[in-house]
Amino acid sequence: MCGICGYVGKEKIADEILIRMRDTMYHRGPDDGGIWQEASDGVAVGLAQRRLSILDLSAMGHQPMFSEDGNAVIVFNGEIYNFRELRAELQNKGAAFRTSCDTEVILAAYETWGTACFDRLNGMFAIGLWDKRDRSLILARDRIGKKPLYYYWNRLKGELVFASELKPVMQYPGFPKTIRRDMIGNFLCNKYIAAPDTIFEDTYKMAPGTYLLYRDNQVQIRSYWDINAVREEKRQQMIRTQQASLQELDALLLDAVSRRLIADVPVGTFLSGGIDSTLVTAMAQKCKDTPVQSFSIGFYDKERNEAPYAAEIARYIGTKHRELYVGEKEILEMLQQLPFYYDEPFSDSSQLPTMLVSRLAAADVTVALSGDGGDELFCGYKMYDWTYVAQKADWIGAALYYTPGMRMVKEKLPPELRAFINNRSGDYKTQLFIDVMVEEAEKLLGIPACAAKFVHEKKLKDCNWQERRMMLDMMTYLPDEILAKTDRASMKYSLEVRCPLLDYRVIEKSFQIPHNCKYNRWDKKHILKELTYRYVPETLLDRPKKGFGVPLRKWLRGVLKENIRKYADREILKRQGIFVPRAVEALIARQAVSDKIMYSSMLWSFYVFQTWYQMYIEDLWSR
């Protein structure tokens, strides 16, 4: 696990600049750091890395790393879980290895198979590779987007800059930091900005399952794993029964967990007490002869506290369990750190407790396994209930929409009902209630916020809205909110988080499992629950799911009230030129008296954006 960055341009930059870019990510890799630069025939290239040592802790794992013949140079962030099998295969083909780390295996794989090597990697990765032979830069990101990878392309100057985070890109000489105004509405509505877009112009996220080839100031992006195409292929090989599905999923997930326990450093698990983390922890314990270390966060607020359940499950499984109870004070102390570690506007408030559980785990282990991915793969969110209901009742919405005089009546209806009636486009059927957020965002910005709707849904042809929404979440919400949240929160404490449920083989297997095994008569994640009950008694898990968030409404009306007022100052907003002052004041007033989630969510996103703007763009508030 590391932080990587680099550039290709016409002129070489000073080593000090490249080091400064690299060290904005010191938290991602405190164990080692390296840079390499070269310039010839009007082309300059530089690669840099911060290393968190997980495999082969010796200096032999230092990056940037060179291929045996010196023609390829790589920086790599992530872990390859099948590197031992690939190493053996490559040795049979004549490759020689100096280290026992997976980075060298990637280099040898590239030398043997070229860019086809990415499809052979089972892991989480962001790769930057310079090929001296044709002077090309190759960037690659893992299939589901566990590891982040940004790039900035200045066509006029012939420069491409890449990094694990935006901070190194912002440190590159001449980077303009020009905000994309159309993406602010996207952020306000969704709490994040989905790939390939970012908050800056000419700056992009690599999409999961793709690689980029940059040569002669031309960019080509190619897919090596298209999740929609893979799903269509796997659906031709559906498993016929739930029992067969359970058997195959059990064996495959157990293998995925065992592979993620391989490390030269201590490994533990996050254990929230829910289905996904319980299953992963139980399987990890089955693979180990000694007690696994498990970690959970407790809240003094009983409404959100699942720590007692996690502790009871840990006792049954036999883990060495640690828990930390936190109050508002500990959580609020994290607020001022958010903009630095989430260097693009990001307002999923569960990032705060995720940072706290990461800090707890990092005191004892360097790697932690999580249950991320179970909800998206196996139909676990409350939104999937709403999607089910919306499809069943869509004819009612259509009838109301076309009722004479409804246009005037709709304005007086609750916004959620209005959104349901207006949900007539076949391209956005499963993005329920997004129109409600769009209305609020457009008031705040004074410009259209149509980019808040994800166009990916147009590619999905499912008749079942739940299946379509699950795919949409896998393409957007999972990589760009869930995995981004966990990556930044854990790497703040130099902790690597691994996700067995997102092994690509498990994802592909989930496509072969019938949908009624996932959603069975309102029972979400049905098959995953049945699998978990093989390891832990149902009585320890049979309870309503609680959130992992924070009391936003209370904060926005209380401890954050003065900060909100500061960032909403009418004169400053006019100078900033992004938000409509009167609309911001109206939102604050509505949130103060209404418990509707859309108001607290929108106001929190406004607050997060302003703190980000103050840190990275311009400090308008401290003059």
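These numbers come from a predicted model, not from an experiment.
The list of ring-ring contact (aromatic ring centres under 6.0 Å, His included) pairs with a residue in residues 467-494, not counting sequence neighbours, reads Tyr381-Tyr477. Sorted by first then second residue, the ring-ring contact (aromatic ring centres under 6.0 Å, His included) pairs that include residues 578-597, not counting sequence neighbours, are Phe579-Phe606, Phe579-Phe609.
Geometric assessment of Lys525 against the ring of Phe378 yields a negative cation-pi assignment under the 6.0 Å and 45° thresholds. The side-chain tip of Lys167 does not point at the ring of Tyr616 from less than 6.0 angstrom away and within 45° of straight on.
One N or O on the side chain of Thr210 and one on the backbone of Ala207 form a donor-acceptor pair closer than 3.5 Å. Not a single donor-acceptor pair under 3.5 Å links the side chain of Ser296 to the backbone N or O of Ala310. Of the possible donor and acceptor atoms, one in the side chain of Asp142 sits under 3.5 Å from a partner among the backbone N and O of Ile144. Here the side chain of Lys191 pairs no donor or acceptor atom with the backbone of Phe346 at under 3.5 angstrom. Between the side chain of Arg553 and the backbone N or O of Asp595 there is at least one donor-acceptor pair closer than 3.5 Å. A donor-acceptor distance shorter than 3.5 angstrom exists from the side chain of Thr278 to the backbone of Gly274, with no hydrogens or angles considered. Looking only at distances, no side-chain donor or acceptor of Thr403 sits under 3.5 Å from a matching main-chain atom of Tyr401. Within the 3.5 Å criterion, the main-chain N or O of Asp523 finds no donor-acceptor partner in the side chain of Asn520. Within the 3.5 Å criterion, the main-chain N or O of Leu166 finds a donor-acceptor partner in the side chain of Asp343.
Ionic pairing of Asp427 and Lys459 is not present here: no N-O contact between side-chain nitrogen and carboxylate oxygen is shorter than 4.0 angstrom. With respect to the salt-bridge test (charged N to carboxylate O, under 4.0 angstrom), the residues Glu440 and Arg590 qualify. Ion pair Glu467/Lys518 not flagged as a salt bridge, since none of the NZ, NE, NH1 or NH2 atoms sits closer than 4.0 Å to an Asp/Glu carboxylate oxygen. Salt bridge Lys429/Asp394: present, at least one basic N to carboxylate O contact under 4.0 Å.
In terms of the side chain to side chain contact (heavy atoms under 4.5 Å, CB included) criterion, residue partners of Asp197 (sequence neighbours excluded) are, by chain and number, Arg180, Met183, Ile193.
Looking at heavy atoms from C-beta onward, Thr203 lies in side-chain contact with Phe175 at the 4.5 angstrom threshold. Considering only heavy atoms from C-beta on, Asp487 stays 4.5 Å or farther from Lys146 through its side chain. Between Glu442 and Pro448, the closest side-chain pair of non-hydrogen atoms falls below 4.5 Å. Between Tyr613 and Glu618, some side-chain heavy-atom pair lies under the 4.5 Å cut-off. Side chains of Leu556 and Lys561 form no contact here, defined as non-hydrogen atoms less than 4.5 Å apart. Contact check for Tyr428 versus Val455: side-chain heavy atoms found under the 4.5 Å cut-off. Put simply, the side chain of Met471 does not reach to within 4.5 Å of the side chain of His456, judged on heavy atoms.
In this structure, His515 and Tyr519 have parallel ring planes: the angle between them is below the 30° cut-off, well short of the 60° mark. Between Trp604 and Trp555, the ring-plane angle classifies as tilted under the 30° and 60° cut-offs.
Aromatic ring centres of Tyr607 and Tyr567 lie closer together than 6.0 Å. Centroid-to-centroid, the aromatic rings of Tyr300 and Tyr325 come within less than 6.0 Å.
Atoms OG1 and CG, on Thr430 and Asn423 in that order, are 8.5 Å from each other to the nearest 0.5 Å.
Within 6.0 Å of CZ in Arg582 there are 12 or fewer heavy atoms belonging to other residues, nucleotides or ligands.
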**Message:** With ring-ring contact (aromatic ring centres under 6.0 Å, His included) as the criterion, how do Trp612 and Tyr342 come out once you've worked through the C-alpha distance, each side chain's angles and the decisive distance to 0.1 Å?
**Reply:** CA-CA 9 Å; Trp612 173 87; Tyr342 291 83; over 10 Å; no
